[in-house]
Amino acid sequence: MKYFLAIIGGGPAGYTAAEKASKQGKSVVIFEQNALGGTCLNVGCIPTKTLLYSAKQYYNALHADKYGVKAEGVQFDYAKIAQRKNKVVRKLVAGIKQKLNNDCCTVVPAAAKVLSRTDDTVVLEAAGQQYEAENLLVCTGSSNFVPPIPGVQDNPAVWDSTSALAATELPASMIIVGGGVIGMEFATLYHELGVPVTVIEAMPVILPNLDQDVVKVLRDKYEKAGIRILTDTKVMSLNGNQVTAQPAEGEAITLEAEHILISVGRRPNLDGLEALEGLEFTRKGIQVDDSMRTNLPNVYAAGDITGKIMLAHVASRQAEVAVSRMLKQIPVQRIAYNAIPSVVYTNPEIASVGLTEKEAEDIPHEVRTMPMTFSGRFVAENEGETGLCKMLVDTKHRTVLGVHMIGNPCSEFVAAASFAVRMGYTIEEFEQVVFPHPTVSEILKEIL
Ligand code: NAD
């Protein structure tokens, strides 16, 4: 049998593409060597958020007094927290399996390798069997990057995000190398569960790609709470559970912790694609155009493998666009990269969409800022917390260029801002939208 579409990788890009193509009546084979759901569901977004939710419950109970609630003898059982995380993952993976079965996709639970390709046929091999398809979608994702720092390789004290998620016991203390998204989410988890945490970041700031006024609110809170954050500091070497780091100024320092989490980025998974002769790459992954086509006519790529923006929701949207292009659907779909929301699940959460001030440098714009405390619901539910909402408005066109927020639960309403950015709403159009009261989302209306 020759399939319409072969997909390598069953993460958010792969399973979204499989569903979309099969719903259009196309035959699909999807290969997944680990569990369906990919990094996001198995060793990324979902398990992290599940653990973070337990940590937040514990932390809130410890600090319930500020809401007039007495909770004495509050404890947690980390083994149980980890078990619940596994249960959540199992349930969601089973849901994806069910959906793909219902859509009649052929799911092959094995690693696939491309054997050959012509403009009308791709031949793959998995678990000793050959498969043929008209089109190929590469969604092989990414893996934790292991930096070439002496002492990192084969060091039992070193964890990456996958080993941290797999642990059934909490570390006694933790050094986190890399103050990016993964680093700060794990810093939140361990800190809220009482583990002493040090974050070491090579850049002058943590979360360097985000709006720094928003990040400052987080850093101030975390440092006050006792998280040690060393920026402008490069990790030079590891020796067992000791880390030697060099600050931009002054002498090198040596720190020690039971475990060292390395979270310095991810790299695309390129194994099994060697037979795709002539496939072009960028510095970050497989090169694709706006329709997710590679330079080889019947080969598409979506998700982290493209190295564009490593987020699950970008991956699934890229997959939708790729399948739509394969099906030659009109109108041609595109991804609005200017309106991709992103969330960092710290406490408080950070959520943003669109351009930062730095990115909007060449566009005449005004910056509006407002403390989250202008929202009644925020004040009611965030005792003693501060938060910030920042909006960039194009001076000429009066459109929303970007929104950057810190304050719970901004992850839940950043989609409203994404909508405004995506649709190119002017401030006057956005003003006509009614937001429910009392919700923290009203901050988006207050700021207009
Ligand atoms: P990242 O790129 O977000 O952060 C890595 C950080 O490590 C950077 O700030 C970098 O300056 C720093 N760094 C690099 N080398 C260093 C060194 N030798 N010493 C100290 N610091 C060093 O990468 P990540 O946090 O590993 O996340 C990987 C990907 O996964 C990202 O694309 C991220 O967006 C995605 N992700 C997203 C979410 C979410 O959406 N909530 C959660 C987790 C991961």
Side-chain angles (χ1 to χ4, degrees), residues 11-12 38-53 141-152 158-165 175-189 198-210 212 215 218-219 228-238 243-248 252-253 255 260-269 284-285 303-317 337 340-353 406 409-412 414-415 418:
T39 300
C40 169
L41 214 55
N42 295 284
V43 287
C45 329
I46 297 299
T48 319
K49 265 81 262 180
T50 310
L51 295 181
L52 279 168
Y53 190 73
S142 63
S143 302
N144 284 310
F145 172 57
V146 183
I149 298 173
V152 166
V158 168
W159 278 359
D160 60 14
S161 56
T162 306
S163 34
L165 288 170
I175 292 173
I176 297 177
V177 181
V181 187
I182 294 183
M184 294 317 296
E185 290 188 352
F186 276 100
T188 306
L189 173 72
T198 302
V199 177
I200 307 178
E201 166 59 54
M203 300 286 280
V205 290
I206 53 167
L207 299 166
N209 298 328
L210 300 186
Q212 285 301 311
V215 172
L218 182 80
R219 183 168 181 169
R228 192 171 174 203
I229 300 177
L230 306 173
T231 41
D232 237 341
T233 304
K234 263 210 174 96
V235 170
M236 307 307 287
S237 63
L238 268 61
V243 175
T244 302
Q246 178 64 58
I253 47 170
L255 306 159
I260 299 142
L261 175 74
I262 305 283
S263 49
V264 294
R266 297 178 63 84
R267 292 293 177 273
N269 297 327
K284 292 180 170 174
D304 285 8
I305 187 74
T306 65
K308 289 221 171 230
I309 305 176
M310 289 191 180
L311 295 174
H313 45 283
V314 172
S316 48
R317 176 65 191 142
Y337 284 112
I340 304 290
S342 72
V343 175
V344 189
Y345 294 85
T346 43
N347 187 10
E349 299 167 348
I350 295 177
S352 43
V353 62
I406 181 163
C410 59
S411 66
E412 288 299 337
V414 68
S418 305

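In listed order, ligands and their atoms are each counted from 1. One is the number of the first residue; the rest follow in order along the sequence.
Proximity of a side-chain donor or acceptor of Glu185 to a complementary backbone N or O of Tyr345 within less than 3.5 Å is detected. A donor-acceptor distance shorter than 3.5 angstrom exists from the side chain of Ser263 to the backbone of Gly178, with no hydrogens or angles considered. Put simply, the side chain of Ser342 never gets that close to the backbone of Ala351: no donor and acceptor are under 3.5 Å apart. The closest donor-acceptor contact from the side chain of Thr306 to the backbone of Asp304 lies at 3.5 Å or more, if one exists at all.
One finds the CG atom of Leu261 at 8.0 Å from the CD1 atom of Ile182 (value rounded to the nearest 0.5 Å). The line from OG1 of Thr39 to CZ of Arg266 is 4.5 Å long, rounded to the nearest 0.5 Å. Met310 contributes atom CE, which lies 14.0 Å from atom SG of Cys40 (distance to the nearest 0.5 angstrom). Atom CG of Asn269 and atom OG of Ser142 lie 6.0 Å apart (nearest 0.5 Å).
Contacts between Ile206 and ligand 1 below 4.0 angstrom, taking non-hydrogen atoms only, are absent altogether. Neither the backbone nor the side chain of Thr48 comes within contact range of ligand 1; no heavy atom lies under 4.0 Å. Proximity of Ala245 to ligand 1, defined as any heavy-atom pair under 4.0 Å, is not found for any part of the residue.
For ligand 1, the atoms closer than 4.0 angstrom to any heavy atom of Met203 are 11 (O). Short contacts between ligand 1 and Pro208, defined as distances under 4.0 Å to a heavy atom of the residue, involve ligand atoms 9 (O). Near Val343, meaning under 4.0 Å from one of its heavy atoms, ligand 1 places the atoms 39 (C), 40 (O), 41 (N). Those atoms of ligand 1 that come under 4.0 Å of a heavy atom in Ile200, given as number and element, are 20 (C), 21 (N). Close approach to Val235 involves these atoms of ligand 1, each under 4.0 Å from a residue heavy atom: 19 (N). Near Arg266, meaning under 4.0 Å from any of its heavy atoms, are these atoms of ligand 1: 28 (C), 29 (C), 30 (O). Each of the following atoms of ligand 1 lies closer than 4.0 Å to a heavy atom of Tyr345: 41 (N). Close approach to Met310 involves these atoms of ligand 1, each under 4.0 Å from a residue heavy atom: 32 (O), 34 (O), 35 (C).
On a distance-only criterion, Glu185 and ligand 1 share at least one N/O pair closer than 3.5 Å. Between Ile182 and ligand 1, an N or O atom pair is found at a separation short of 3.5 Å. For ligand 1, none of its N or O atoms has an N or O atom of Val344 under 3.5 Å away. For a threshold of 3.5 Å applied to N or O pairs, the pair formed by Lys234 and ligand 1 contains no separation below that value.
Within 6.0 Å of NZ in Lys49 there are more than 12 heavy atoms belonging to other residues, nucleotides or ligands.
In this structure, Val344 and Leu218 have side chains that are not in contact, with every pair of non-hydrogen atoms separated by 4.5 Å or more. At a threshold of 4.5 Å between non-hydrogen side-chain atoms, the residues Leu230 and Leu255 count as touching. Between Tyr53 and Thr50 there is no side-chain heavy-atom pair separated by less than 4.5 Å.
The closest approach between a heavy atom of Ser342 and any atom of ligand 1 is not below 4.0 Å. Using a 4.0 angstrom heavy-atom cutoff, Pro147 does not count as in contact with ligand 1.
In this structure, atom 21 (N) of ligand 1 lies nearest to the protein heavy atom Ala202 N, 3.1 Å. For atom 42 (C) of ligand 1, the closest non-hydrogen atom of the protein is Val181 CG1, 3.3 Å. From the protein, the heavy atom lying nearest to atom 18 (N) of ligand 1 is Ile149 CD1, 3.7 Å. The protein atom (non-hydrogen) at minimum distance from atom 1 (P) of ligand 1 is Gly180 CA, 4.2 Å. Residue, atom and distance of the protein heavy atom nearest to atom 40 (O) of ligand 1 are Leu311 CD2, 3.2 Å. Distance from atom 12 (C) of ligand 1 to its nearest protein heavy atom, with residue and atom name: Glu201 OE1, 3.3 Å. The protein non-hydrogen atom at the shortest distance from atom 2 (O) of ligand 1 is Gly265 CA, 4.3 Å. For atom 22 (C) of ligand 1, the closest heavy atom belonging to the protein is Val264 CG1, 3.6 Å.
Taking all heavy atoms of Val314, Thr231, Val177, Asp304 into account, the minimum distance to atom 19 (N) of ligand 1 is reached by Val177.
When the side-chain hydrogen bond (donor to acceptor under 3.5 Å, both in side chains) test is applied to Thr48, no partner is found at least two apart in sequence or on another chain.
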Take Ile262 and Phe145, measure what side-chain contact (heavy atoms from CB on, under 4.5 Å) needs, and give me the verdict at the end. CA-CA 8 Å; Ile262 305 283; Phe145 172 57; over 6 Å; no

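The only member of Thr198, Ile200, Ile176, Val177 that meets side chain to side chain contact (heavy atoms under 4.5 Å, CB included) when paired with Ile260 is Val177.
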